[in-house]
Amino acid sequence: MEPMKISGLKVKVSRKIFLSQENGFGVFKVLSLPERDSEIIVGNLFDVREGDTLEIEGQYIYHPRFGNQIKVETFRTILPQDLDGIKKFLSSGRVKGVGKKSAEKIVDKFGMDTFEIIEKFPERLNEIRGLRKSIIKQLSESLKENKVLRELIVKLSPFGIGDETVFKIYKEFGNETFEILGVNPYRVIDRISGVGFKRADMVARGFGIPPDDPFRIMAGLKFVLSGNEDRKGDLFMLREELCVTGGNLLGVSREEVEIGISDLLERNEIATEDIPENVILLYNNFLIEKAISRYLFKLNNDREIADKKKIDTTQVVDQLDVELTDEQMNAVESAVNNKITIITGGPGTGKTTIIRAIIEAFESEGNLVQIAAPTGRAAKRIEEATSCQTSTIHRMLKISPETRQFVHDESNPLKADAIIIDEFSMVDTNIFFALLKAIPVSAKLIIIGDKDQLPSVGPGNILRDLITSGYFKTIYLNRNFRQSEDSLIIDNAYRINNGEEPVFKPYSDDLDFVFINYQDPSDIPGKVMKIIEYHQSDFEFNSMSYQILSPVYRGDSGIDNLNRIIQEKFNTAEFVFESEKLRLKEGDKVMQLKNNYEKEVFNGEHGVVEKYDKKSGNLTINYDSSILEYSRDEFDEITLSYVISIHKSQGSEYDFLLLILSPAHSMMLNKELLYTAVTRAKKKIFVISDIETIRTSVKRSTPGERKTLLRRRLDENFDKS
């Protein structure tokens with residue numbers, strides 16, 4: 001028998017039985033109007049509250065456990081149809097400043113005409129004694145806002161758009177929301193954090209935007225370009241690749257894609273170049289790489305340096321409590337005597353010692369030095385080793401809470417005679433651009449990093465592009481000071497970097513590189529748990545000195561599954577938050593997933609969930625440098641981090657490291673990935689893998705080749721000089 005369809009049924013919500021804040025699924029008891037028969041309604045019922053009056057469409061269904069129900073397909077909120085409903089609506093919290101007593105006064109005075117009075121004749125509210133003027137002013141505005149917001153929720157919820165996103169959209173566009181979204185809903189991508197093309201496309205469906213709409217095609221092509229940037233770190237795509245990928249995504253013809261490209265070029269939202277194949281890039285990336293080249297040329301060719309007093313580095317170094325090799329001395333002298341110096345070397349090559357000597361050399365002549373690194377952990381490590389104040393690049397540049405822009409730029413440069421940036425392999429195109437804008441032209445820039453590590457998580461390949469350009473003084477450090485200390489971690493790191501198999505020795509307690517073979521990939525989670533248990537007396541399960549790395553997110557030995565198992569086994573606290581993507585307990589180790597300039601916490605920083613406030617729904621997270629509070633709509637910025645990716649570990653060192661490499665990961669593995677992982681370990685590393693997987697990784701080399709135009713831009717500027 002066909003389910004009975006329902007259309008235009010008016011109901012009054014009498015009781016909430018269940019409502020998921022995550023996906024909006026709700027179960028409510030309602031009274032049909034005017035008969036007032038009791039019914040149960042179920043469905044996506046975002047923001048429905050007791051006392052609401054709804055007009056619904058759907059069908060009767062039978063649930064074997066709960067009996068007859070109405071499955072709601074669409075609904076819209078209508079104004080209450082009785083005095084009690086009007087009172088509840090006004091005092092529900094949706095209308096700012098109106099409580100239960102004020103609502104009763106208003107309804108007692110105007111009865112069923114209340115809403116008409118508020119909307120059309122708000123001045124009549126002055127007839128009510130004791131009603132504050134501030135409430136009168138807010139009533140009309142709030143009622144109008146609620147009407148638009150509720151209609152927006154009703155319109156978009158069937159397309160999977162949650163009430164939080166709807167509220168962000170309304171907050172941005174206000175009462176013009178319907179008009180704007182009806183013309184170009186893809187505007188939300190640039191204006192609202194967390195809304196990308198796919199979600200904007202759902203909004204477009206709700207507003208009936210056709211698949212071949214020009215705004216949709218342009219937004220889709222930009223989405224492909226930015227997605228390629230996020231996944232691969234590339235700053236451009238071949239035109240042919242963009243056309244094919246964009247056409248498949250949008251479901252439109254090649255001709256329509258080409259028209260979209262022409263429209264974007266005309267609007268200066270993308271740029272194109274022949275190198276010799278035609279390539280396309282986002283216009284912002286085009287401008288940034290040009291600007292980086294100009295800044296570097298200007299900084300490198302500043303002639304004020306010729307008039308400055310030379311620093312006697314030999315005398316300064318003699319006063320240090322360490323002896324420098326000729327190689328290290330050359331690095332120090334180059335840093336002091338050149339406007340831009342790059343110092344690159346692997347672990348154990350004395351980079352930290354060189355930093356100390358460079359700082360001492362500059363400060364001996366009263367020069368002001370600023371030192372920074374891409375991550376908080378890297379900055380802290382340098383500070384501990386050099387006893388010099390060090391910050392992240394973001395904190396050095398400072399964020400304005402009003403503009404969310406860096407405080408230091410061309411108009412307000414950093415106060416420094418020399419700027420040292422360590423762990424430079426992690427620096428991406430965007431942060432390097434921001435840094436160069438803030439460096440005074442009279443200053444010297446010293447770049448320190450390991451060219452053989454993975455490139456930055458963000459877009460570009462800055463360190464490699466600068467070195468291979470040949471325009472900057474580059475010092476290569478080759479001597480390994482730690483080999484004599486019998487460190488198998490360092491020895492194996494160099495072997496891996498040279499394309500050789502690492503050495504595996506029989507287990508002993510003092511062995512710092514431990515290889516654990518396994519017979520079956522399904523054994524890996526169990527082995528991980530046993531290793532954590534064995535070291536519990538030395539490291540808490542959420543310790544910042546203890547880290548597990550895996551190259552993939554999915555599968556038994558992937559990041560997501562292992563995080564879940566570790567949380568379940570070792571964190572005995574109750575869950576304080578649960579959603580489809582994230583489940584949290586107090587005490588969980590978590591990681592920030594994107595830069596939050598207001599909180600001054602950045603991508604890759606680790607913290608521990610300290611407290612969950614049930615009343616406000618806020619989380620407190622303790623980072624090394626600060627304690628921060630997260631509201632519910634910011635939870636998507638964090639994730640569990642008992643296990644993280646190798647890319648996310650860049651710039652950090654851990655006393656104890658556990659690395660997982662399975663044959664299932666083989667397509668992703670290469671010597672650069674393995675080298676980066678091994679060099680994160682300071683004292684001990686366990687590698688759970690098999691010999692063949694290790695061999696495959698070491699033999700495959702993909703040295704971070706990324707599609708950038710920076711080399712081309714540098715040639716344009718430096719070849720003229």
Side-chain angles (χ1 to χ4, degrees), residues 180-193 195-201 203-204 207 209-295 428-430 432-434 436-437 458-462 465 705-717 719-720:
I180 289 169
L181 297 186
V183 175
N184 180 14
Y186 299 95
R187 286 179 63 180
V188 300
I189 298 171
D190 298 323
R191 301 281 289 273
I192 299 170
S193 173
V195 177
F197 172 77
K198 291 185 177 178
R199 190 164 289 188
D201 217 24
V203 174
F207 279 82
I209 303 296
D212 61 352
D213 181 84
F215 288 119
R216 179 175 185 266
I217 292 173
M218 287 189 286
L221 292 173
K222 289 198 296 181
F223 170 72
V224 171
L225 285 167
S226 59
N228 192 62
E229 180 181 316
D230 292 340
R231 290 190 311 276
K232 299 180 181 179
D234 292 342
L235 292 180
F236 68 78
M237 289 181 74
L238 296 175
R239 187 186 193 110
E240 180 64 27
E241 184 186 2
L242 176 62
C243 287
V244 172
T245 307
N248 290 337
L249 169 74
L250 295 163
V252 297
S253 69
R254 173 65 176 257
E255 182 183 2
E256 287 169 316
V257 170
E258 290 286 2
I259 292 171
I261 290 173
S262 297
D263 289 342
L264 288 169
L265 286 168
E266 191 175 327
R267 296 159 67 100
N268 277 342
E269 294 190 49
I270 61 172
T272 183
E273 195 156 336
D274 294 321
I275 57 168
E277 290 182 84
N278 188 253
V279 303
I280 292 175
L281 65 160
L282 292 169
Y283 196 71
N284 192 50
N285 290 338
F286 173 75
L287 294 178
I288 285 176
E289 288 195 310
K290 275 184 170 290
I292 286 173
S293 178
R294 287 198 309 272
Y295 284 124
D428 65 31
T429 298
N430 297 317
F432 191 47
F433 170 59
L436 286 174
K437 283 199 293 183
N461 205 358
I462 297 293
D465 283 347
E705 293 300 329
R706 287 181 168 180
K707 293 174 181 173
T708 80
L709 296 176
L710 183 56
R711 286 279 309 280
R712 189 179 177 91
R713 301 298 170 233
L714 291 170
D715 288 342
E716 289 170 357
N717 280 287
D719 278 354
K720 295 174 186 176

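As the structure is a computational prediction, the values presented were derived from the model and not from experiment.
Nearest approach of Ile189 to Ala200, heavy atoms of both residues: CG1-CB, 3.7 Å. Nearest heavy-atom pair across Pro459 and Asn430 is CG-ND2, 3.7 Å. When all heavy atoms of Asn717 and Ser293 are compared, the closest pair comes out as ND2-OG, 2.6 Å. Here the closest heavy-atom approach between residue Cys243 and residue Glu258 is recorded as SG-OE2, 3.6 Å. For the residue pair Glu289 and Leu710, the shortest heavy atom distance occurs at OE2-N, 3.3 Å.
A heavy-atom distance below 4.5 Å is found between the side chains of Ile275 and Phe236. By the 4.5 Å heavy-atom criterion applied to side chains, Phe433 and Tyr295 are counted as neighbours. Between Phe197 and Leu249, some side-chain heavy-atom pair lies under the 4.5 Å cut-off. Side-chain atoms of Arg706 and Leu235, non-hydrogen and from C-beta on, never get closer than 4.5 Å to each other. Counting only heavy atoms from C-beta outward, the side chains of Ile259 and Ile217 never approach each other to under 4.5 Å. Contact annotation: the side chain of Thr429 approaches that of Ile292 to within less than 4.5 Å [non-hydrogen atoms, C-beta and beyond].
Panel note: side chain Asp234, backbone Asn228; no donor-acceptor pair is recorded below 3.5 Å. Under a 3.5 Å cut-off, the side chain of Thr708 and the backbone N or O of Asn461 do not form any donor-acceptor pair. Not a single donor-acceptor pair under 3.5 Å links the side chain of Arg713 to the backbone N or O of Lys290. Without hydrogens or angle criteria, Arg231 side chain to Gly227 main chain gives a donor-acceptor distance under 3.5 Å.
Going from atom CD of Glu716 over to atom CG of Leu709 covers 9.0 Å, rounded to the nearest 0.5 Å. In this structure, the separation between CG on Leu250 and CG on Asp213 is 11.0 Å, given to the nearest 0.5 Å. With rounding to the nearest 0.5 Å, the separation of CE in Met218 from CD in Glu266 is 9.5 Å. Atom NZ of Lys222 and atom CD1 of Ile270 lie 10.0 Å apart (nearest 0.5 Å). Taking CD of Glu229 as the start and CG of Asn285 as the end, the distance is 4.5 Å to the nearest 0.5 Å.
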Taking distance alone, no hydrogens or angles, what donor-acceptor pairs closer than 3.5 Å link side-chain atoms of residues 181-188 to residues at least two apart or in another chain?
from	atom 1	to	atom 2	distance (Å)
Asn184	OD1	Tyr186	N	3.1
Tyr186	OH	Asp201	OD1	2.4

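The residues Glu240 and Arg254 are annotated as salt-bridged, a charged nitrogen and a carboxylate oxygen being separated by less than 4.0 angstrom.
Applying the side chain to side chain contact (heavy atoms under 4.5 Å, CB included) test between Thr245 and each of Leu221, Val257, Val224 identifies Val224 as the sole match.
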Between Thr272 and Asn278, does the side-chain hydrogen bond (donor to acceptor under 3.5 Å, both in side chains) criterion hold? Intermediate values first, please. CA-CA 7 Å; Thr272 183; Asn278 188 253; 2.8 Å; yes

Are Glu273 and Phe286 close enough, and set up right, to give a side chain to side chain contact (heavy atoms under 4.5 Å, CB included), and what steps lead you there? CA-CA 10 Å; Glu273 195 156 336; Phe286 173 75; 4.1 Å; yes

Begin from the C-alpha positions of Arg239 and Ile261 and carry the test side chain to side chain contact (heavy atoms under 4.5 Å, CB included) through to its verdict. CA-CA 9 Å; Arg239 187 186 193 110; Ile261 290 173; 3.6 Å; yes

Verdict with reasoning, Lys707 to Glu277, per salt bridge (Lys or Arg N to Asp or Glu O under 4.0 Å): CA-CA 13 Å; Lys707 293 174 181 173; Glu277 290 182 84; over 6 Å; no

